[in-house]
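Residue numbering restarts at 1 for every chain, and letters A, B, ... go by the order of the sequence lines.
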2 protein chains.
Amino acid sequence: MARPRFQQLSAEQRDAILDAALDEFSAHGFADASINRIIATAGISKGAMYYYFDSKEDLYADVLRRQVERLFRDGPIPVPDASDVDDFWRILEGHYLRLMRLLIATPQTAALLRDWLTGAASPALRKAQREAEQTTLPWLVQTVVVGQQLGAIRTDLPPAFLIAVALGMAQAMDTWLITQPLAEAELGETVHALIGMMRRALTE
Amino acid sequence: MARPRFQQLSAEQRDAILDAALDEFSAHGFADASINRIIATAGISKGAMYYYFDSKEDLYADVLRRQVERLFRDGPIPVPDASDVDDFWRILEGHYLRLMRLLIATPQTAALLRDWLTGAASPALRKAQREAEQTTLPWLVQTVVVGQQLGAIRTDLPPAFLIAVALGMAQAMDTWLITQPLAEAELGETVHALIGMMRRALTE
DNA sequence: CGATGGTTCGACCGCTGGTCTGAAAGAAGG
DNA sequence: CCTTCTTTCAGACCAGCGGTCGAACCATCG
């Protein structure tokens, strides 16, 4: 996480750094991104950069966290407060579809998220993993718990395991969608199919 | 892929290089592996290494392909020739369990596979991706097709999509298993649970 | 004015993957 | 045995990487 001083920097400088970093990371991914290019674009020196961030991973984690938080802010995603099981899954599908549309509308964020998801397990990104989880995991867990209380989600397996499997399915669908030339209607269908598969898999 | 000359090298030299590379890649992953360390361990010069391999990725792809092929050789995995639907899934679960045990018995291979799976989508590993798919994809497609003919697997979605989702679920379970201190009995149970989820998700 | 302490700079470090020149080693032909 | 040609290798070298560090800058305070 960025050093506290970074918050005291002027908004223009902060944005210059974060914008340059987002450009670089979303264009090249973490591994192939270059700090030297970022500081050149941002117009700051190397010393300044490492005065505000501990490491390349630290910077990445900060940029990623901001994007994830933005996704949660732009599309306010409440935990489903459904009345019955069908409702629960319908609401979830709506949220999912909205999220996918948001990602299509902001390809830079999407690229960053994809780079993170495909490499999150690598030890170099554990910091980023932890920061991003802080935003997403509580929501995910709460959703599963609510689903379990409704009887929409099986209770014979730990929520964390169910979340892991569901995320794996979602990621698979996402990579699938990237490789496909997708029409708008197809997106809705694919999301519907995936949520249907999730529902079957996660139901007792 | 390794240059053809590599095959003409003496078995000892070949093994020295491949062993050193496997050690390095499985210990550090592709990104943090060092060609310099590999050649030092293998006792060859940099010129020799790049005389036999085009690049770091080329070497990685070759090592990975050999490990994947070994998995298919050690545990001969026939396409399920089940008589009914229950049989199909039972056989599949058996294969899956055997594969998991094989991976537990050969942690180096497991580490390499995990590194590949978590980073396969990154552009740097596309070569490795293609080589490994050549071994696994035909089997996967055939299995899905057989399952569809049996009525065990839904036919309203393209096999490639179903495979992607199933692999995503499997990978999720795998990462889940790594983080858990696992007893032998638990492995069987978890695999059973996962195959059950797959079955629900992939059934019409 | 001097001193202090938060900021910024860029030369520098060890290391990376990869290239390239030139020498050693073998093979083939005379 | 000598020459010629090709294959095999050694290692100096390159640009670029992430990261460090001492010096310089500059505002504030005494």
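For the OP1/OP2 pair of C:dG17 and a distance below 4.0 Å, the side-chain nitrogens and oxygens of B:Ser34 include at least one atom meeting the criterion. Between A:Asn36 and D:dG16 there is no side-chain N or O to OP1 or OP2 distance below 4.0 Å.
A salt bridge does not link A:Lys127 to A:Glu57: none of the charged side-chain nitrogens sits closer than 4.0 Å to a carboxylate oxygen. The pair A:Arg73-A:Glu69 fails the salt-bridge criterion, with no side-chain N (NZ, NE, NH1 or NH2) lying under 4.0 Å from an Asp/Glu carboxylate O.
Atoms CD1 (B:Ile17) and C1' (D:dA10) sit 14 Å apart, rounded to a whole Å. Whole-Å rounding puts the A:Asp32 CG to D:dA15 P distance at 20 Å. A straight line from CG of A:Leu9 to P of C:dT7 spans 9 Å, rounded to a whole angstrom. Atoms CG (A:Asp58) and P (D:dT20) sit 12 Å apart, rounded to a whole Å. Rounded to whole Å, atom P of C:dC20 lies 14 Å from atom CG of B:Asp54. Atom P of nucleotide C:dC20 and atom NZ of B:Lys46 are separated by 14 Å, given to the nearest angstrom. Atom CZ in A:Arg3 sits about 12 Å away from atom C1' in D:dG19, given to the nearest Å. Counting to the nearest Å, the C1' atom of C:dG6 and the OH atom of A:Tyr51 are 5 Å from each other.
Proximity note for A:Ser55 (side chain, C-beta onward) versus D:dG19, D:dA10, C:dT19: the nearest is D:dG19. Listed nucleotides: D:dC17, C:dT19, C:dC9. Nearest to the side chain of A:Arg37: D:dC17. The side chain of A:Ser45 lies closest to C:dT8, out of C:dT8, C:dG17, D:dC9.
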- Query: How far apart are the C-alpha atoms of A:Thr135 and A:Arg65, what are their side-chain angles, what is the distance that settles it, and do they pass the side chain to side chain donor-acceptor pair (under 3.5 Å) test?
  - Reply: CA-CA 8 Å; A:Thr135 307; A:Arg65 183 180 51 75; over 6 Å; no
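Looking at heavy-atom distances under 4.0 Å, B:Ala31 makes no contact with the nucleic acid at all. At a threshold of 4.0 angstrom between heavy atoms, the contacts of A:Phe53 with the nucleic acid are absent.
The residue from A:Asp58, A:Asp62, A:Asp54 that alone fulfils the salt bridge (charged side-chain N to carboxylate O under 4.0 Å, His left out) condition with A:Arg3 is A:Asp54.
Residue side chain B:Lys56 does not reach the base of C:dG18 through any donor-acceptor N/O pair under 3.5 Å, judged by distance alone.
A donor-acceptor pair under 3.5 Å is formed between the side chain of B:Gln148 and the backbone N or O of B:Arg154.
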